[in-house]
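The next block holds one structure in the form of structure tokens; read it before the comments.
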2 protein chains.
Amino acid sequence: MVGARDVRVRKREWARAEILAAAWRLVRSDGIAALSMRDLAAEVGMRAPSLYNYFPSKNHLLDAMYAQGMQQMDELVRNSPRGRNPRETLRNRARAFVAGAVQDPFRFQLLFERPIPGFVPSPESLAVGLTRMKETSEMAVAAGLRGQRELDLFMAITRGLVAMQIANEPGGDRWVSLVDEGVDILIAHYTATDQRRRTRRQRADGAD
Amino acid sequence: MVGARDVRVRKREWARAEILAAAWRLVRSDGIAALSMRDLAAEVGMRAPSLYNYFPSKNHLLDAMYAQGMQQMDELVRNSPRGRNPRETLRNRARAFVAGAVQDPFRFQLLFERPIPGFVPSPESLAVGLTRMKETSEMAVAAGLRGQRELDLFMAITRGLVAMQIANEPGGDRWVSLVDEGVDILIAHYTATDQRRRTRRQRADGAD
DNA sequence: GTCTATATCCAGATAGAC
DNA sequence: GTCTATCTGGATATAGAC
């Protein structure tokens, strides 16, 4: 049984979701900086003041968009298929991240490029991204990328591929298609380095 | 001998340069999106309408800033020291680019992240960047990065290092310090690949 | 919850006096 | 060339009727 209160709450949440969806539509067509409360209200068939019943300020709206975008990226990455080995799994995650990023450049911009002077995401929203990066780090370690430097370089490559793709060939796959290669090169290099390091240590230990 | 006309022209150009410098000061402190003609005028001790004697519109001002920023990045990269071999030279160029980018994040944003909805740089300004990229490509080829994929990956790495540095540790060098390593790994990988390819071809040709 | 009306502020840009 | 005054338009946000 559902009480009248629950119905009201649901309606409200549905309306909030509608507004958020409309906001993304506008942002995707005109950019984040061009989003205004007036236009947004018109997009959902309201006048601007009515929006303030759902979001107390534009910053709250942006924060909700940020949180939603982060959640989406998070799901994309988490739902990427597990590979037959850590390397494949890492590649899949990287591919999922890059694909999701270039598929919605303005989402990427909002999440990672701080395009709005006054806006700072709430700590909870930021936490989603940090958790995902920590998970990815664990998988990268399993795949052979130990040490902070290796991880940093890995993250930089995926980020760079996204940036180049969006900036120079939006909608294409010239850089997107390099994800596997980039990851493989890194892993190959560092596992080979480890091999050498280990071999040297064994020799030094007098083993083998 | 200098005519009265030249003096006037010089004064005018000096004023334009002053305005541009003031614009960069404002942008560096508050972000590109926050730049307004009023504030800019105040920064140089004028009222807003006077600015229109030097730049016919805000877009023209932004384009001048874009061109100037591109020129600066260009000089930084071109003035990077020539190494003892192509690999060193390429590393120096990459380091110069990354250092210049992280040293002024808002310049980087204006040049490479299209933060302003309506603004599109003029073709001449864009050409500066393209020429530099072409030069870098030639050096990369000399260093062993043949083929488009290799070059694309190289550019992506430098861009990604900049992006991560600015986003996660502005002012630091955690990612900046990885430039050499990233370049070296790429070159090592692809020259090794070439070696193998050449060896195979020689065998197939019956040579050796 | 949604509206009209409005407050307040700021933007880019122009007209025209000096 | 620089100014005052102003146009035009847009922004976020609030008050208060319904």
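Basis for what follows: all heavy atoms, side chains included, without hydrogens, waters or symmetry-related copies. Source: prediction; values computed, not measured. Proteins come first, then strands; the chains are lettered A, B, ... in the order of their sequence lines, and each starts at number 1.
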Per Lys58(A) side chain, nearest of listed nucleotides dT2(C), dG1(D), dT12(D):
dT12(D)

In this structure, how many angstroms lie between the C1' atom of dA11(D) and the CG atom of Asp39(A), rounded?
10 Å

Nearest whole Å is fine: how far is dG1(D) C1' from Glu18(B) CD?
16 Å

Tell me the interatomic distance from Tyr54(B), atom OH, to dT2(D), atom C1', rounded to whole angstroms.
8 Å

In whole Å, I'd like the distance from the CE atom of Met46(A) to the P atom of dT12(D).
16 Å

Atom CZ of residue position Arg82(B) - does it have more than 12 heavy atoms of other residues, nucleotides or ligands inside 6.0 Å?
no

Arg12(B) side-chain N/O to dG1(D) phosphate OP1/OP2 under 4.0 Å:
yes

dG9(D) P sits how many Å from Met37(A) CE, rounded?
23 Å

Can you give the donor-acceptor pairs under 3.5 Å from side chains of residues 65-74 of chain B to other protein atoms, not counting sequence neighbours?
unit_1   : atom_1 : unit_2    : atom_2 : d
Gln68(B) : OE1    : Trp24(B)  : NE1    : 2.9
Gln72(B) : OE1    : Arg107(B) : NH1    : 2.8
Asp74(B) : OD2    : Arg78(B)  : NH1    : 3.1

Taken to the nearest whole Å, CG/Leu61(A) to C1'/dA11(D) is 14 Å

Using a heavy-atom cut-off of under 4.0 Å over every strand shown, decide if Leu35(B) touches base, sugar-phosphate, or nothing.
sugar-phosphate

Taking atom P of dC18(C) as reference, at what distance in whole Å does atom CZ of Arg47(B) sit?
18 Å

Figure out the CZ/C1' separation between Arg8(A) and dG1(C), and round it to whole Å.
12 Å

If you compare every side-chain N and O of Tyr52(B) against the phosphate oxygens of dG1(D) (OP1, OP2), does one of them come in below 4.0 Å?
no

If you check every side-chain atom of Ser36(B), which of dT14(D), dA11(C), dT2(D) has the closest atom?
dA11(C)

Select one nucleotide: of dG12(C), dG1(D), dT2(C), the one nearest the side-chain heavy atoms of Arg38(B).
dG12(C)

Dump the intermediate steps for side chain to side chain contact (heavy atoms under 4.5 Å, CB included) on Leu40(B) and Leu26(B), then the final yes or no.
CA-CA 7 Å; Leu40(B) 176 54; Leu26(B) 292 182; 4.2 Å; yes

Side-chain N or O of Ser50(B) versus OP1/OP2 of dG1(D): is the shortest distance under 4.0 Å?
no

Check against side chain to side chain contact (heavy atoms under 4.5 Å, CB included), Leu61(B) and Ile19(B)
CA-CA 9 Å; Leu61(B) 171 75; Ile19(B) 292 168; 4.3 Å; yes

Can you figure out which of dT2(C), dT12(D), dA5(C) approaches the side chain of Pro49(A) most closely?
dA5(C)

Nearest-nucleotide pick for Ser57(A), side chain only, options being dT4(D), dA13(D), dG1(C)
dA13(D)

Checking Phe97(B) against Phe112(B) for the ring pair (Phe, Tyr, Trp, His ring centres under 6.0 Å) test, could you report, in this order, the C-alpha distance in whole Å, the side-chain angles of both residues, the deciding distance, and whether it holds?
CA-CA 13 Å; Phe97(B) 177 84; Phe112(B) 299 107; 5.8 Å; yes

